[in-house]
There are 2 protein chains.
Amino acid sequence: MEYTKPLAKLIEYFQKLPSIGPKTAQRLALHVLKMPENEVNNFANVLIEAKTTISYCDICFNMSSTNPCEICSNPSRNKSIICVVAETKDLIAIEKTNEYNGLYHVLQGLISPIDGIGPDDIRIKELLFRVTQDTISEIILALNPSVEGEATSLYLTKLLKPFNIKISRIAFGLPMGSELEYADEMTLLKALEGRIEL
Amino acid sequence: MEYTKPLAKLIEYFQKLPSIGPKTAQRLALHVLKMPENEVNNFANVLIEAKTTISYCDICFNMSSTNPCEICSNPSRNKSIICVVAETKDLIAIEKTNEYNGLYHVLQGLISPIDGIGPDDIRIKELLFRVTQDTISEIILALNPSVEGEATSLYLTKLLKPFNIKISRIAFGLPMGSELEYADEMTLLKALEGRIEL
């Protein structure tokens, strides 16, 4: 079975995207062919526009079309708290809670010796620079509960302790709506360790 | 939570695609921002190229960048058999079996009174035209086993009977690798009805 050539190329490009397999890529490509021509042109332009206008904020390394980013330049944000995350997607997830009003620092990765990623390969020195320059009262570590996340949290805690700043870590435990019966051992262990006196 | 504007637009466009929800759209958009710039440009160009160069074959209404399409213009295809399908994606599915060597006719829809789609809204008269013009020995109906598919098959059978051509329908029954125990009643009924003498 051979697709007509431009269709084959389109399917190939969709398939390069994460979580898009051959079947989904084919469905998306066929859908594009049924879209009005101006919609397809707009889609193509939006792709190029996003890629060319969005880069990293010089302060927190969030992805943004402005520099400093919308969060760093927002005067109503509490500039004395920094929430440290691994990737922009984690920042987005926290922003969606509509609860956090401080700043961020996107590490752009986690320490992972297996993958050859050391402390110098992620934005740790830039975080240190912010801590020395600005008046920071608290740093919240919001890294994934994985080996790499824990290693990075540990490293950052050691590094930041001398600055006499409050350092906290988001809670690990049972997710809301889950059932204790089905929780894995590690989660239950973390939930017990992190128990709060009522 | 507000995305930086070009990112918001990109997410919006990804979300217009079928089976792409807000979470996947965000993941795809963030992935695009991490792709090399020339890759993004190529993706945009491929989108436009596919849309502008692919249209419908004048004979069978398959999507193609050539007219007649690759299948209709292929001399090694058996031109006396037409397999009738609803959409290009069904044609692709049959082509992938590498077994069928005849031609196709893409109806571009199915009769569906509920949705206001009657026989004149799909490519039925064009199929009739082919039957009167060319020497056709068999028409295979390969439409979905749904209400609309069955209605369309019935309509086509009545319409084509007078031409004294062999008309067949693909078999409905248990899918390979499935278990009889878990098959729904309709499938079992169709499997019983369509039983073959050994």
Side-chain angles (χ1 to χ4, degrees), chain A residues 1-14 16-20 23-24 26-37 39-55 57 62-66 69-71 87-89 91-98, chain B residues 1-14 16-20 24 26-37 39-57 62-66 69-71 87-89 91-98:
Chain A
M1 158 68 202
E2 274 184 33
Y3 294 106
T4 190
K5 217 161 169 211
L7 179 60
K9 270 203 274 179
L10 186 56
I11 292 175
E12 182 196 319
Y13 268 89
F14 271 120
K16 288 181 183 179
L17 299 175
S19 75
I20 306 289
K23 282 227 166 182
T24 309
Q26 180 192 302
R27 187 161 69 239
L28 298 181
L30 289 175
H31 180 86
V32 166
L33 295 182
K34 293 203 164 186
M35 277 162 62
E37 191 161 339
E39 274 288 281
V40 178
N41 286 336
N42 289 345
F43 187 15
N45 290 336
V46 161
L47 272 168
I48 292 172
E49 190 198 341
K51 181 62 194 173
T52 49
T53 61
I54 296 178
S55 60
C57 169
N62 177 20
M63 281 173 171
S64 176
S65 56
T66 63
C69 74
E70 289 90 342
I71 295 172
E87 302 284 353
T88 300
K89 61 179 181 238
L91 178 156
I92 292 172
I94 295 175
E95 279 297 282
K96 281 185 175 162
T97 65
N98 275 324
Chain B
M1 158 69 203
E2 274 184 33
Y3 295 106
T4 191
K5 214 155 171 217
L7 178 59
K9 271 204 274 179
L10 185 56
I11 292 174
E12 183 196 319
Y13 269 89
F14 271 120
K16 288 181 183 179
L17 299 175
S19 75
I20 305 290
T24 309
Q26 179 192 303
R27 187 161 68 239
L28 297 182
L30 290 175
H31 179 86
V32 166
L33 295 182
K34 292 202 165 187
M35 277 161 63
E37 190 160 340
E39 274 288 281
V40 178
N41 286 335
N42 288 344
F43 186 15
N45 290 336
V46 161
L47 272 167
I48 293 171
E49 189 198 341
K51 182 62 194 173
T52 50
T53 61
I54 296 178
S55 60
Y56 296 111
C57 169
N62 176 21
M63 281 175 172
S64 176
S65 56
T66 63
C69 74
E70 289 90 341
I71 295 172
E87 302 284 352
T88 301
K89 61 178 181 240
L91 179 157
I92 291 172
I94 295 175
E95 279 297 282
K96 281 185 176 164
T97 64
N98 276 323

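Each chain gets a letter, A, B and so on, in the order its sequence line appears, and its residues count up from 1.
- Contacts between Ser64(B) and chain A at a heavy-atom distance below 4.5 Å involve backbone atoms as well as side-chain atoms.
- Interface remark: Glu39(B) contributes backbone and side-chain atoms alike to the contact with chain A (heavy atom separation under 4.5 Å).
- Contacts with chain A were tallied for Lys51(B), Glu12(B), Glu87(B), Glu49(B); Lys51(B) has the most, counting heavy-atom pairs under 4.5 Å.
- Phe43(B) and Tyr13(A) have parallel rings, their planes meeting at less than 30° on a 0 to 90° scale where 60° marks the start of perpendicular.
- Around atom NZ of Lys16(A), more than 12 heavy atoms belonging to other residues, nucleotides or ligands sit under 6.0 Å away.
- With sequence neighbours excluded, the residues forming a side-chain hydrogen bond (donor to acceptor under 3.5 Å, both in side chains) with Ser65(B) are Thr4(A), listed by chain and number.
- Between Thr88(A) and Leu33(B), every side-chain heavy-atom pair lies at or beyond the 4.5 Å cut-off.
- Per-residue counts of heavy-atom pairs under 4.5 Å with chain A were compared for Ile94(B), Ile71(B), Asn42(B), Thr52(B); the largest is that of Asn42(B).
- At a 4.5 Å heavy-atom cutoff, Asn45(A) makes no contact with chain B through either its backbone or its side chain.
- Proximity of Ile20(B) to Arg27(A): side-chain heavy atoms (C-beta onward) are nowhere separated by under 4.5 Å.
- Heavy atoms of Gln26(A) lying under 4.5 Å from chain B belong exclusively to its side chain.
- Looking only at side-chain heavy atoms (C-beta outward), Leu7(B) and Met63(A) stay at 4.5 Å or farther from each other.
- Only the side chain of Thr24(A) comes within contact range of chain B, with heavy atoms under 4.5 Å apart.
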Carefully, step by step, assess Met35(B) and Leu17(A) under the rule side chain to side chain contact (heavy atoms under 4.5 Å, CB included).
CA-CA 10 Å; Met35(B) 277 161 63; Leu17(A) 299 175; 4.3 Å; yes
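- We find the NE2-NZ distance between His31(B) and Lys89(A) to be 11.0 Å, quoted to the nearest 0.5 Å.
- A heavy-atom distance below 4.5 Å is not found between the side chains of Ile54(A) and Leu10(B).
- Of all the heavy atoms in Lys5(A) and Glu70(B), the pair that sits closest is N-OE2, 4.4 Å.
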